[in-house]
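First comes the structure, then the notes that go with it.
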Amino acid sequence: MSREVRVRFAPSPTGALHIGGVRTALYNYLFAKKMGGKFLLRIEDTDQTRFVPGAEEYIKESLEWLGISPVESPWNPGDCGPYRQSERKAMYMQYALDLVEKGHAYYAFDTSEELEAMRERLTAARVVSPQYNSITRTQMKNSLTLPAEEVKARLASGEPYVIRVKIPRNEEVRLNDMIRGWVLVHSSTLDDKVLMKSDGMPTYHLANIVDDHLMTITHVIRGEEWLPSAPLHVLLYRFFGWEDTMPTFAHLPLLLKPDGNGKLSKRDGDKLGFPVFPLNWVDPFSGEKASGFREGGYLPDAFLNFLAFLGWNPGDERELFTLDELVEAFSVERIGKSGTKFDIAKAKWYNEQYLRTKPNSELVDFLTADAKAEGLEVPGDKVEAILNLVKGRVTFPADLWRESKFLISAPTEFDQDVAAKKWNADAAKLLGDYATALDVFEEAFDAATAKSLLESTAESAGIKLGKVMQAVRLAVTGMGGGPDLMEVFAILGTSEVAKRIRFALNTLTIVA
RNA sequence: GGUCGGUUCGUCUAGGGGUUAGGACGUAUCCCUUUCACGGAUAAAACACGGGUUCGAUUCCCGUACCGACUACCA
């Protein structure tokens with residue numbers, strides 16, 4: 001009687017999806033794939049006041065970027081649609097009424113002022129946690145306290161009301177979380193949560209239970225912030241009579257701020273000096289911008305790998321995993337319990353690893369596009385050599401061009417510090433000789449021949465190469481550091497090297 | 001405050017009644033390199049505290065401390 005595994009990612013379209021949400025989506029995806037099940041997405045937009053245009057597209061694009069798209073979603077519906085709760089609005093009321101009929105829920109007519117007054121009263125009476133519960137509901141305006149006729153009249157008159165769950169007074173609620181084990185909570189600490197709001201929309205609590213049931217969700221994998229309301233959800237499954245198909249819960253550890261404490265939040269934006277969102281985002285209301293990992297130069301597979309390891313590990317010492325390998329290695333049992341601080345240095349390291357192992361064919365576009373942006377072109381026959389020379393030195397794709405620009409565009413100025421320290425008569429003499437030698441050099445000019453020619457030139461001039469190498473580099477690249485110089489020479493070719501040397505000879509003045 | 005959850009190097013973590021407590025990032029040093037990186041090697045660096053249980057506890061139990069989440073007609 002084992003059912004097909006079906007898990008869902010259920011974000012609210014209230015803005016950009018932050019990295020914690022992305023990780024939740026990833027774990028859901030991995031679990032579904034691992035179990036040979038399905039990963040679906042449901043938009044939880046029951047709070048119409050918090051709807052943000054563009055947020056849904058943002059979620060879709062983020063998952064697509066990472067290659068973890070759901071098989072059922074608002075934009076690719078399966079048999080359990082609609083996949084937006086706002087579009088399912090009509091179906092919730094009957095379930096709420098069912099609960100009222102069964103005596104597990106009731107109408108409440110209290111205004112927000114009355115609720116506020118109740119909380120103040122309780123606070124003044126030093127009640128530890130003022131809430132609408134089995135005790136206080138006896139003093140409020142609801143279908144439990146009001147005469148049946150009055151309730152009927154109020155309802156008929158169109159007076160606004162909510163439907164609240166009637167939490168039993170004295171019951172032990174247990175749930176077996178896949179990550180945390182048994183969690184016990186006493187019903188007396190729960191409150192009579194609103195199930196249907198006065199605008200006719202369900203709250204999260206009702207909607208997620210009804211939808212998960214209707215969508216035959218088998219496992220609910222979500223953030224730890226939901227753990228406190230999980231007992232309520234268990235109770236609701238019981239009240240509906242759906243206990244035998246209740247999904248198994250797994251509450252993921254939170255993603256914490258890298259410094260100090262607290263969970264990583266959307267508002268952390270760029271304040272931390274790195275992105276907390278997958279993609280760039282501009283808030284349509286405030287115009288506030290937040291940068292994304294994608295635009296920040298993180299490769300999707302590297303980012304995914306990094307994300308997977310935030311709270312999970314394979315149990316052995318492997319670190320680098322493709323998506324398929326993650327699926328293969330994944331298990332909920334290996335997800336940790338404690339909160340995870342977000343460490344951007346590790347994310348960079350992953351990016352470097354992926355960049356280095358990527359075939360050049362996947363890197364070419366980064367290089368040529370950046371070059372083009374500056375009006376320069378990388379000759380096709382040099383691309384391969386340039387990439388090989390430079391890709392071990394970069395963290396982001398954009399570094400590729402920054403590190404190799406000097407190979408395409410000759411220096412027009414020289415690093416002053418290096419010039420002051422290293423430029424001297426010996427260097428100038430050697431370079432002059434070398435340029436002359438290059439003029440008549442006809443063999444294939446690779447790194448090895450560039451080197452032996454330089455060595456023999458130095459020998460005839462009676463100059464120690466080691467003393468002038470920095471100056472040679474400076475003359476040809478304008479800089480004091482960079483990739484292997486002889487490889488650079490080989491890429492540049494004899495005439496370009498000679499040309500650059502002569503320019504340097506004419507430009508740099510000997511101080512010492 | 002209350003409820004719930006958590007606590008192994010700075011960070012991510014492995015481990016689990018007897019271990020030199022392992023790996024990775026980061027840091028430092030060395031090697032490689034006629035530079036800077038890459039790479040390789042080495043080093044410093046952790047079981048929050050107090051009680052039990054036990055021959056033995058970092059591991060199991062209890063308490064304390066600390067951290068966090070939740071405590072809306074938000075999700």
Original post:
Base, sugar-phosphate alone, or nothing: which one does A:Gly392 contact when heavy atoms must sit under 4.0 Å apart?
Top reply: sugar-phosphate

Original post:
If you check every side-chain atom of A:Val185, which of B:G5, B:C25, B:U3 has the closest atom?
Top reply: B:U3

Original post:
So, does the side chain of A:Ser198 form a donor-acceptor pair with the base of B:C73 at under 3.5 Å?
Top reply: yes

Subject >> Base partner of B:U71, which must satisfy Watson-Crick or wobble distances under 3.5 Å >> reply: B:G1

**OP:** Please state how far atom OH in A:Tyr132 lies from atom C1' in B:G2, giving the value in whole angstrom units.
**Re:** 21 Å

Original post:
Counting any heavy atom closer than 4.0 Å, what does A:Lys263 reach on the DNA or RNA strands: base, sugar-phosphate only, or nothing?
Top reply: sugar-phosphate

Subject >> Touch class at under 4.0 angstrom, heavy-atom based, for A:Asp192 against every strand present >> reply: nothing

**OP:** Select base, sugar-phosphate, or nothing to describe what A:Asp45 touches, counting heavy atoms under 4.0 Å on all strands.
**Re:** nothing

**OP:** Under 4.0 Å between any heavy atoms, over every strand shown, what does A:Pro130 touch: base, sugar-phosphate, or nothing? Just pick one.
**Re:** nothing

Original post:
Quick one: what's the B/S/- string for nucleotides 6-14 of chain B, heavy-atom cutoff under 4.0 Å, read 5' to 3'?
Top reply: SS---SBSS

Subject >> Sugar-phosphate only, base, or nothing, as touched by A:Val162 at under 4.0 Å among non-hydrogen atoms >> reply: base

Subject >> Non-neighbouring partners of A:Ser331 that pass side chain to side chain contact (heavy atoms under 4.5 Å, CB included), sequence neighbours left out >> reply: A:Glu333, A:Arg334

**OP:** Report the distance from atom CG of A:Asn133 to atom P of B:G2, rounded to the nearest whole Å.
**Re:** 17 Å

**OP:** Tell me which residues in residues 450-471 of chain A put a heavy atom below 4.0 Å from RNA chain B, sorted by number, or none.
**Re:** A:Lys451, A:Leu465, A:Gly466, A:Met469, A:Gln470

